[in-house]
Each structure stands twice: as structure tokens, then as C-alpha cells.
**Q** 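Here it is: the structure, laid out below.
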Amino acid sequence: MPARLTDWSLALCVGVAFATGLVGNNAGRPGLWWIFALHGGAGLALALFLIGKLRRVLPRLRHTRQWDRWTIIGLLTTLGVLLSLGSGIAWVAGGTFDAAGFGLLNWHITLGLLLILLISAHMIARAKPLRRRDMSGRRQALHWLGLVAGGAALWPAQQRLASADRRFTGSRVVGNYAGNAFPATSWVADRPRPLPPADWTLAVGGHVARPFTVTYDEMTYSEVREATLDCTGGFASTHIWRGVRVGTLLERAGVRESAGWVRFHSVTGYRWSLPLDEARDALLATHVGDEPLNHDHGAPLRLVAPGRRGFQWVKWIVAVDVLTAPDLGQAIAIQTSSFTPAGRGEE
Ligand SMILES: Nc1nc2c(c(=O)[nH]1)N[C@H]1C(S)=C(S)[C@@H](COP(=O)(O)O)O[C@H]1N2
Ligand SMILES: [Mo]
């Protein structure tokens, strides 16, 4: 296969894996399984194209006199590809790894992001345009299709060999219907002080006719939802949650005509929002199974947003507000909340 076709195919595989990785981190509905299939298929095709590339360039690397400063970037890029692929394959195979508070799937994501930086630098220095003659010819086309199809065919085989009980997102199933006995986690490191229900209130406001504040005992928690919390760190847990329907609070407040989004605020500053209709049907949970939520799982009140990934299930909620437009700052707030005094548990 022409060198340039191999190289651009590698770039394409990395691009598809990157895009599907980003989208996959937000995907929680089973209908989106194909995003994860594309991610895996792109990774496996990448591995196949990589064999050709390494066979071409590794022998050249012996001539150290011909190295230039970009050779190091090329080598680091190779290492980045191998580690990204390796961590992904190891995750599917049931591997575990823990370093610096990061599990294997978190490392896979981190390595993938690093790889994007490296490969960008490598391509700026080295990429050559793809010419018509790199893509013409029946043999070349068949060879190329063979490698892409190989990646696509390896994916289901790899899934079959995968150990453990996994969801379509790749998350491992743990602690279903076990009350509070499932993993507790944070996006960064939120660890607020406990919020005793007696001292806690919930404020409902924003684009509503009648903003109000309620105490814990003023609400009834009789609404139930069965839903799966699926963390992008790689675990998933299904429970029957109990609490108050968001729509019940919104009806009392009287949502204005202009409203389109509902935002959930944690005491730490962590926040996320959902489109109005979806938010109405979401749950503010006080209980998991038969147990009151414990502190680590967000007591006294946490969001249960079926079909959304875990990072959107805001814990330790103290306020809900109705918005007219999406909240663009939320993506930053979830990174910074752990560094606020409340997020550090200092106030
Ligand atoms: N306030 C707040 N809510 C949060 C988080 C956080 O860091 N702070 N982490 C989110 C993430 S990443 C996940 S996966 C779930 C974890 O919920 P659990 O600890 O009950 O398993 O909570 C979400 N809600
Ligand atoms: Mo998470």
C-alpha cells in the first residue's frame, strides 16, 4: 500500500476514534450503541494499518544520523498510539489498573487526548498530501477495504471474548439493586460536608412565576424510577430510585413561556442542565432502593436523569433554576467545583 495512503488512513482512524470517544462520553441511550461500535472498529482498524506503517518506518530508525527533532515526536506518537490502543483493548478484556486516582478507562481517555496533541504535531511536521495515484488501482483499493473490514470484523469477535458483565457503553455492571452499596465517585474531586436534611433547603427559581424555597420535610418523596447510573469512568449500576418528580416542583413554580432548560445546582458549584421536557420527567432522588441516599451518593437530594451519563446526575442539590437558553458555563463549572471552599468541604 502507498505510504501516504497508510498514513492518511491512520489519521482517519484516529479521527473517528477521537470523535466517537467524545460523543460516546455523552451517550447513555442504548440506541447509540453504534457510536461505541464505531469507536472500537476504528481502534482495531488503526491497529491493522499500524502494522504496515511500523514495517516501513522501524528499519529506517536504525540510521540515527538521519534523525531530526521531529523524529522524537514521531516516536512519542507511536508510543501514544500503542498505549491508547493497548489500554482500550485491555479494558474490554477485563483488565484493571489504578494510578494517580485514575482507573484504566480514565487512562484510556487521557492517553487518547494526549495522542491527539502528538499526532497533530507529527502531521504538521510530516504529513504529505494524498495524491490521486495513492488511491487508484484495484489491488490497493482491495487491500485498503480489507484492512477496514478487518477492523470491523474484529470488533464483534473482541466483544465476544470480553469478560465481565458490560453495558453497551463499555461500563462494567456493579451493585445493581444493592441500595447504597455501589461505587461513589466524583467528576474531579467534590467532597462537600454532609448536608443534614434539617438544615437544608431547596430553592426553585429562574424563569418562573412564583419562585420558592422548601425544606426537606415539606416535600413528599413517592415518585419512583428505575434507571442506570453509567459513569464515564467505567462502572454502571441500576437501581430503583425514589424522590420527587422535577415536573411537580416546576408546576408549583409556574414555568414561564420563554423557558427551555432546567439547571440543577450542587452545593459545591457543580451544575448541569437538561431540556425542559426531559427535566420535567427526571427525578430528584432522596432514596436508592429502600435506603435513604448516603452522603457519598449525594444526600439529601440528587438528580436521576435516565439515559444520561453519570456526570450529569448532579449530587448534593440545593437549587433548581429554569433557563431560556442552554448553560454553556456548566462544562467549566464541573471542572472547577472541587476547588471551591464548599467543594473542598471547608464551608
Ligand atoms: N456535585 C457533584 N455531583 C456529581 C459529581 C460531582 O463530582 N459533584 N460527579 C458525577 C459523576 S462523574 C458521577 S459518575 C455520579 C456518581 O454518582 P455516585 O457517586 O452516586 O456513584 O455523580 C455525578 N454527580
Ligand atoms: Mo462519572
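Both counts, for ligands and for their atoms, begin at 1 and track the order of listing.
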**Q** When you check the gap from the basic side-chain N to the acidic O, do R131 and D134 get nearer than 4.0 Å?
**A** yes
**Q** Mind checking the CZ-CD1 spacing from F18 to I116? Nearest 0.5 Å is all I need.
**A** 5.0 Å
**Q** Are there over 12 heavy-atom neighbours, none belonging to W8, within less than 6.0 Å of that residue's CH2?
**A** no
**Q** Side chains of W316 and D190, heavy atoms from C-beta outward: is any pair under 4.5 Å?
**A** yes
**Q** List, ordered by chain and residue number, the protein residues whose closest non-hydrogen atom lies under 4.0 Å from any atom of ligand 1.
**A** F182, P183, A184, T185, S186, W187, D190, L229, C231, F235, S266, T268, Y270, D296, H297, R302, G310, F311, W313, V314, K315, W316
**Q** Does some side-chain heavy atom of F36 sit less than 4.5 Å from a side-chain heavy atom of T20?
**A** no
**Q** Below 6.0 angstrom between ring centroids: does that apply to H265 and Y270?
**A** no
